[in-house]
Amino acid sequence: DTGVSQNPRHKITKRGQNVTFRCDPISEHNRLYWYRQTLGQGPEFLTYFQNEAQLEKSRLLSDRFSAERPKGSFSTLEIQRTEQGDSAMYLCASSLGPGSHGYTFGSGTRLTVV
Amino acid sequence: AQSVAQPEDQVNVAEGNPLTVKCTYSVSGNPYLFWYVQYPNRGLQFLLKYITGDNLVKGSYGFEAEFNKSQTSFHLKKPSALVSDSALYFCAVRDIRGNTPLVFGKGTRLSVIA
């Protein structure tokens, strides 16, 4: 297992378009997390899954954002009608259980909305 | 609510000198504490964690951190800085009770000058 994989690494899109990102966690990890990181800030929590169940969503996750983890393995994060304020690095992480020993992060997807 | 404060946006240190990156936290109960490092255009890499036990924890690349419950601090330290240590460092916390996700500080940029 090579760790947490995120695709694409970079995405440039026009305002108003929809985008989808994918995250493949470490295979034995049952929890998967999405964070957003803007310039000069730390990662901000968006949502997390335990297996296929989405257990918590941040207020940052507006109705334009949706995340799925249909089979409890990979996850997708979709942003509809993108806005320039959505430009950020989107980070995925996974853990075995609640992450008492920390999370393993992917390299992130950098979204630029023009 | 959980929170982390990293009071310094930037820390500059000469190569070979000791370094300290400060972190204070707030949780309702007892904390799990973590330090992560981020290199440009990359995800976060785990450095070390405090779960329980000894207040001084040792991690990767010669880093260590001291948990101080009375001061609610978890400062990151290294006896002798290397130029290759230059990166963005994040402190994170979660309450040991419940399933709350990690909360990150805004980060401290460490610059080690040769």
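So that the names make sense, note that chain A is the first sequence line, chain B the second, and so on, each numbered from 1.
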- Item | Joint cluster assignment, A/L32 & A/F74, ILVMFWY side-chain distance < 4.5 Å | no

- Query: If you draw a 6.0 Å radius around CD1 in A/I12, do more than 12 non-hydrogen atoms from other residues or ligands fall strictly inside?
  - Reply: no

- Message: Before we go on, tell me: are the rings of B/Y36 and A/F105 under 6.0 Å apart, centre to centre?
- Response: yes

- Give, for atom CD of A/Q37 and atom CZ of B/F90, the distance between the pair rounded to the nearest 0.5 Å. 4.5 Å

- Message: Does B/Y61 have more than 12 heavy atoms from other residues, nucleotides or ligands lying within 6.0 Å of its OH?
- Response: no

- Task: Would you indicate whether A/E52, at its atom CD, is surrounded by more than 12 heavy atoms from other residues, nucleotides or ligands within a distance under 6.0 Å?
- Result: yes

- Please name the pair of heavy atoms, one in B/G43 and one in A/L91, separated by the smallest distance, quoted to 0.1 Å. CA-CD2, 4.1 Å

- Item | chain A contact via B/R109 - side chain, backbone, both or neither, heavy atoms under 4.5 Å | neither

- Query: Would you say A/L111 and A/V4 are hydrophobically clustered, going by side-chain heavy atoms of ILVMFWY under 4.5 Å?
  - Reply: no

- With ring centroids as reference points, do A/Y35 and B/F104 lie under 6.0 angstrom apart? yes

- Message: I need the A/T104 OG1 to B/Q45 CD distance, nearest 0.5 Å.
- Response: 11.0 Å

- One should read off an interatomic distance between A/E44 CD and B/K106 NZ, to the nearest 0.5 angstrom, of 12.5 Å

- Task: Write down the atom of B/P101, the atom of A/Y103, and the distance for their closest heavy-atom approach.
- Result: CA-OH, 3.3 Å

- Hydrophobic cluster membership, A/W34 vs A/L96, 4.5 Å side-chain cutoff: no

- Is it true that a side-chain atom of A/Y48 and a backbone atom of B/T100 form a donor plus acceptor pair closer than 3.5 Å? no

- Task: Following the transitive rule for hydrophobic clusters with a side-chain heavy-atom cut-off under 4.5 Å over Ile, Leu, Val, Met, Phe, Trp and Tyr, establish whether B/F67 and B/V93 coincide in one cluster.
- Result: yes

- First locate atom CZ of A/F45, then atom CZ of B/R94, and finally report the distance between them rounded to the nearest 0.5 Å. 11.5 Å

- Identify which part of A/E56 has an atom lying under 4.5 Å from any heavy atom of chain B, answering side chain, backbone, both or neither. side chain

- More than 12 heavy atoms from other groups under 6.0 Å of CZ on A/R64: yes

- Counting only heavy atoms closer than 4.5 Å, note whether B/L102 contacts chain A via side chain, backbone, both or neither. both

- Message: Same cluster or not: B/Y50 versus B/Y89, using hydrophobic residues (I, L, V, M, F, W, Y) connected whenever any side-chain heavy atoms lie under 4.5 Å apart?
- Response: yes

- Who wins among B/I51, B/D9, B/L44 for the most heavy-atom pairs under 4.5 Å with chain A? B/L44

